Number of protein chains: 2
Amino acid sequence: MERLNLKTVEKLAKEHGMKMTPQRRAIIMYLQSAKNHPTPEDILKVVNRRFPMASRATVYNTINWLKERGLLKEIFEGGIMRLDPNFHSHHHFICRKCGKVEDIEFEMVPDIDVTELSRIGAVENFELTFRGLCKNCQLK
Amino acid sequence: MERLNLKTVEKLAKEHGMKMTPQRRAIIMYLQSAKNHPTPEDILKVVNRRFPMASRATVYNTINWLKERGLLKEIFEGGIMRLDPNFHSHHHFICRKCGKVEDIEFEMVPDIDVTELSRIGAVENFELTFRGLCKNCQLK
DNA sequence: TTGATTGCAAACGGTTTGCATGGGA
DNA sequence: TCCCATGCAAACCGTTTGCAATCAA
């Protein structure tokens, strides 16, 4: 499994005696289908376009609950939180103008040999962050 | 290794008609000698241990002024700003236990071909973030 | 002299918390 | 029924801003 999905969460919730509410389902369904990397405010806005509505507190509650279980990663760009429902190892491109974060498949960048870094610490994983202008902002 | 230093800043300030105050000098001198990656609050605390003192506003002013000129990079880890006075292109190792950020020389990791990424955007630079356990935390 | 910089405090924006009410299991 | 989750609003915390006083050039 490489991406947040409702079924997994329902199962986990049952195992941990946690309640699945309509609000949580709505938030998770939005996240599992999100193409971009939404901020908590994005989630609030989209989820509240139709029933069931969720408060800011509920959005943050749910996000943190998912993060604790490793079902959601966070990316901080310019100090604001963006959520990444894709937990397959991958990299990011961040536009310096509009702040958009795009996924880059792991396979698109060559392997990196981490044995040289053993004198600094035990490397468990790594990610690449590319910065520049996205296609959209290039045109303007 | 290129690093923030007072002399460079003094020169730039003169060129741009900017004033060097004792507060700015104190902040810059701390940053140029900082071994770690201090937060704005760290800077405030250290600088205010002796004359000249600087207010929070002055610390942020100076930080932003340096960032705009590329003399200081920012790293966001867990949503808080850390300043990196090393502006030679380099990478980071972040310990998942103690949160320490260590610099990794650019030369220690192989070149990455970014031409493949042109369909996503114009890549201007990139950085690698390695995560794992630092030497210190491995021993415990 | 003069306009950039300072300190202070208030404002700001994103995130968290406290508490009474509501609703899954 | 029994808690967990919710909504609301206040609190919180790091960062920014407005403004009068100050000081580098």
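Chain identifiers are assigned alphabetically (A, B, ...) following the order of the sequence lines, protein sequences preceding nucleic acid strands; residue numbering begins at 1 within each chain. This is a predicted model, so every value here is computed, not measured.
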On DNA chain D, more 5' by nearest nucleotide between A:Ala57 and B:Lys67 is A:Ala57

With no hydrogens and no angle check, just 3.5 Å: does a side-chain donor-acceptor pair link A:Asp103 and A:His37? yes

Rounded to whole Å, how long is the line connecting atom [atom1] of [X] with atom [atom2] of [N]?
X	N	atom1	atom2	result
A:Arg56	D:dA5	CZ	C1'	18 Å
B:Ile63	D:dG14	CD1	P	13 Å
B:Arg82	D:dT15	CZ	C1'	16 Å
B:Ile80	D:dC13	CD1	P	13 Å

With heavy-atom distances below 4.5 Å as the criterion, would you say the side chains of A:Leu66 and A:Leu31 are in contact? yes

Taking C-beta and beyond as the side chain, do A:Arg82 and A:His92 meet within less than 4.5 Å on heavy atoms? no

Give A:Asn61 one of three labels, base, sugar-phosphate or nothing, depending on what nucleic acid heavy atoms sit under 4.0 Å from its own. base

Under 4.0 Å from any atom of DNA chain C, heavy atoms only: list the residues of residues 9-26 of chain A that qualify, in numerical order. A:Lys19, A:Met20

Ignoring hydrogens and angles, write down the donor-acceptor pairs under 3.5 Å from the side chains of residues 23-30 of chain A, residues two or more places apart or on other chains.
| from | atom 1 | to | atom 2 | distance (Å) |
| --- | --- | --- | --- | --- |
| A:Arg24 | NH1 | A:Lys19 | O | 3.4 |
| A:Arg25 | NE | A:Glu10 | OE2 | 2.8 |
| A:Arg25 | NH2 | A:Glu10 | OE1 | 3.4 |

Among all residues two or more places apart in sequence or in another chain, which pass the ring pair (Phe, Tyr, Trp, His ring centres under 6.0 Å) test with A:His91? A:Phe106

Kindly write out the residues that satisfy ring pair (Phe, Tyr, Trp, His ring centres under 6.0 Å) with B:Phe93, not counting sequence neighbours, or none if the list is empty. none

Would you grab the first and last nucleotide of DNA chain C (5' to 3') that comes under 4.0 Å of any non-hydrogen atom in chain A? C:dG14 to C:dA25

Can you pull out every salt bridge (Lys or Arg N to Asp or Glu O under 4.0 Å) where at least one residue sits in residues 127-138 of chain B? Sequence neighbours excluded, please. A:Glu127-B:Arg131, A:Arg131-B:Glu127, B:Glu77-B:Arg131

If you draw a 6.0 Å radius around CD in A:Glu124, do more than 12 non-hydrogen atoms from other residues or ligands fall strictly inside? yes

